[in-house]
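What follows is a set of notes on a single structure, which appears directly below.
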Amino acid sequence: MQSHFLIITGLSGAGKTQVVHTLEDFNFFCIDNLPATLIPKFAELCRQTSEEKVALVVDIRGGRFFNSLVEVLDEMEASGQKYELLFLTADDAALVRRYKETRRRHPLGAKTSLLSNIQQERELLEPIKMRATAIIDTSDITSAQLKNKVLEFVGETSASNKMGIVVRSFGFKHGLPLDSDLVLDVRFLPNPFYVEELRPLTGNDLPIQEFLLRHEQTNTYLRLEEQLLDYLVPQYINEGKAQLVISVGCTGGQHRSVFIANKLYEHLKSKGYNAEITHREISGK
């Protein structure tokens, strides 16, 4: 596992919160608004606990504590503590627009104009910016592009395989799963429930699979659904989605939905996606 001790700083409104959310999705231990003077002690604690992926946000909100950040970085370097410093910036127009949209007050206060606060903060942060390992300008990039830049910086280059995909079977008569992103209704397929010897079985059993595959609509549906997922999943990844929940439903959640969910799960795994399978109505069987 690659070790990271990452310090995130930069201009207020430049996207630090989004960076933290991205890193949390990739199992970073994140702390927001840590006083700069506590960084060395926290770094030592991380070494003692073997914490491998840590990200700290230290910025102007820390007030007088933030002023000691340069000295703290010097102290860490002198002691051999390795760190990376990610600096986020944006142009004045972008920052003013974001503050107007969120109606948040700038950390430097309301006694002067917003633009004056932004310019003052930019001057205060210049010595920190000069020490940055990487600088990301968020003025004209989307949230998904920022996420990709951050993941590239921390070495998570296989981000396309990290979006979690949950394929779940369920029965409509027991209610729709509330966390679904995509809901596939397979109640149009022939129902094994009406075949007496098949009724006690589930879609995990070979006789159910053979029954469903004997019907052309099953094969046609699987082919079309796999083509649809081949198109949709990369779009979700490019948009920066962290998890995709695909719920496949039939009437009772025992036969058709289980079989189709299994086949879609197998297809996604064959494409290299980070997928898992659950069967809500037969979880105890």
Side-chain angles (χ1 to χ4, degrees), residues 2-24 26 28-92 94-96 98-99 102 104-112 114-139 141 146-147 149-155:
Q2 185 174 0
S3 177
H4 291 280
F5 190 89
L6 176 61
I7 300 172
I8 304 165
T9 190
L11 293 167
S12 303
K16 296 187 292 292
T17 298
Q18 184 186 332
V19 170
V20 168
H21 291 164
T22 294
L23 295 173
E24 286 176 338
F26 283 79
F28 272 74
F29 179 76
C30 299
I31 296 181
D32 189 16
N33 201 17
L34 184 73
T37 52
L38 296 181
I39 293 177
K41 294 181 180 179
F42 185 76
E44 178 60 30
L45 178 63
C46 290
R47 285 196 296 269
Q48 293 175 3
T49 59
S50 300
E51 190 71 49
E52 294 282 350
K53 299 164 72 174
V54 176
L56 311 174
V57 177
V58 184
D59 57 28
I60 205 71
R61 290 173 298 166
R64 60 187 178 87
F65 294 107
F66 181 72
N67 297 333
S68 61
L69 181 56
V70 171
E71 290 77 9
V72 168
L73 296 179
D74 288 338
E75 178 185 338
M76 293 176 66
E77 291 175 3
S79 66
Q81 169 66 47
K82 295 182 179 180
Y83 68 88
E84 298 161 299
L85 180 62
L86 176 62
F87 190 96
L88 298 181
T89 187
D91 60 37
D92 290 349
L95 294 173
V96 169
R98 292 169 191 173
Y99 269 100
T102 61
R104 295 291 303 276
R105 190 182 72 173
H106 194 277
L108 290 180
K111 293 182 179 180
T112 56
L114 174 59
L115 185 57
S116 296
N117 284 337
I118 292 172
Q119 292 170 346
Q120 181 185 355
E121 183 183 21
R122 198 182 298 278
E123 292 177 5
L124 291 172
L125 292 176
E126 189 61 28
I128 306 299
K129 182 180 179 181
M130 295 177 63
R131 304 185 62 149
T133 310
I135 300 172
I136 299 179
D137 188 332
T138 67
S139 303
I141 63 176
L146 175 56
K147 177 178 181 177
K149 285 179 178 291
V150 171
L151 294 179
E152 182 179 359
F153 171 64
V154 298

Closest heavy-atom contact between Ser68 and Thr37? OG-CG2, 3.4 Å

d(Phe87 CZ, Glu126 CD) to nearest 0.5 Å is 7.0 Å

If every non-hydrogen atom of Ile60 is compared with every non-hydrogen atom of Pro107, which pair is closest and at what distance? CG2-CB, 3.7 Å

Sorted by chain and residue number, the side-chain contact (heavy atoms from CB on, under 4.5 Å) partners of Pro40 (sequence neighbours excluded) come out as Val72, Glu75, Met76

Do Glu52 and Phe29 have side chains that approach each other closer than 4.5 Å (heavy atoms only, starting at C-beta)? no

Flag side-chain contact, heavy atom, 4.5 Å: Lys147 against Phe26: yes

Using the salt bridge (charged side-chain N to carboxylate O under 4.0 Å, His left out) criterion, which residues pair with Asp32? Sequence neighbours excluded. Arg61

Mind checking the CD-NZ spacing from Glu152 to Lys149? Nearest 0.5 Å is all I need. 7.5 Å

Give a yes or no answer on whether the side chain of Asn117 reaches the backbone of Gly109 with a donor-acceptor pair at less than 3.5 Å. yes

Got Val19 and Ile136 here, is their nearest side-chain heavy-atom distance under 4.5 Å? no

Sole residue of Leu11, Ile8, Asn33, Val58 in side chain to side chain contact (heavy atoms under 4.5 Å, CB included) with Lys16: Ile8

Thr138 side chain vs Ala14 backbone, donor-acceptor pair below 3.5 Å: yes

Who pairs with Asp92 by side-chain contact (heavy atoms from CB on, under 4.5 Å), at least two apart in sequence or on another chain? Leu115, Ile118, Gln119, Arg122

With Tyr99 via ring-ring contact (aromatic ring centres under 6.0 Å, His included) - residues at least two apart: His106

Partner set under side-chain contact (heavy atoms from CB on, under 4.5 Å) for Ser116, not counting sequence neighbours: Thr112, Ser113

So do Leu125 and Thr89 actually touch side chain to side chain, heavy atoms under 4.5 Å? no

Who are the salt bridge (charged side-chain N to carboxylate O under 4.0 Å, His left out) partners of Glu24, not counting sequence neighbours? none

Shortest non-hydrogen contact from Leu85 toward Leu73: CD2-CD1, 4.3 Å

Is any side-chain heavy atom of Asp59 closer than 4.5 Å to a side-chain heavy atom of Ser12? no

Could you go through Phe28 and Val154, starting from their C-alpha distance and side-chain angles, then the distance that decides it, and tell me whether this counts as side chain to side chain contact (heavy atoms under 4.5 Å, CB included)? CA-CA 10 Å; Phe28 272 74; Val154 298; 4.1 Å; yes

Should Phe66 and Leu124 be marked as a side chain to side chain contact (heavy atoms under 4.5 Å, CB included) after you check the CA-CA gap, both sets of side-chain angles, and the distance that decides it? CA-CA 10 Å; Phe66 181 72; Leu124 291 172; 5.8 Å; no

Flag side-chain contact, heavy atom, 4.5 Å: Ile128 against Val70: yes

Could you measure the distance from the CD atom of Glu71 to the CG atom of Leu69? Nearest 0.5 Å is fine. 8.5 Å

Check: Ser139 side chain, Asp91 main-chain N or O, donor-acceptor pair, under 3.5 Å: yes

Locate the shortest heavy-atom distance separating Lys82 from Phe5; write the atom from each residue and the value. O-CB, 3.7 Å

Closest non-hydrogen contact found for Cys46 with Val54 is SG-CG2, 3.6 Å

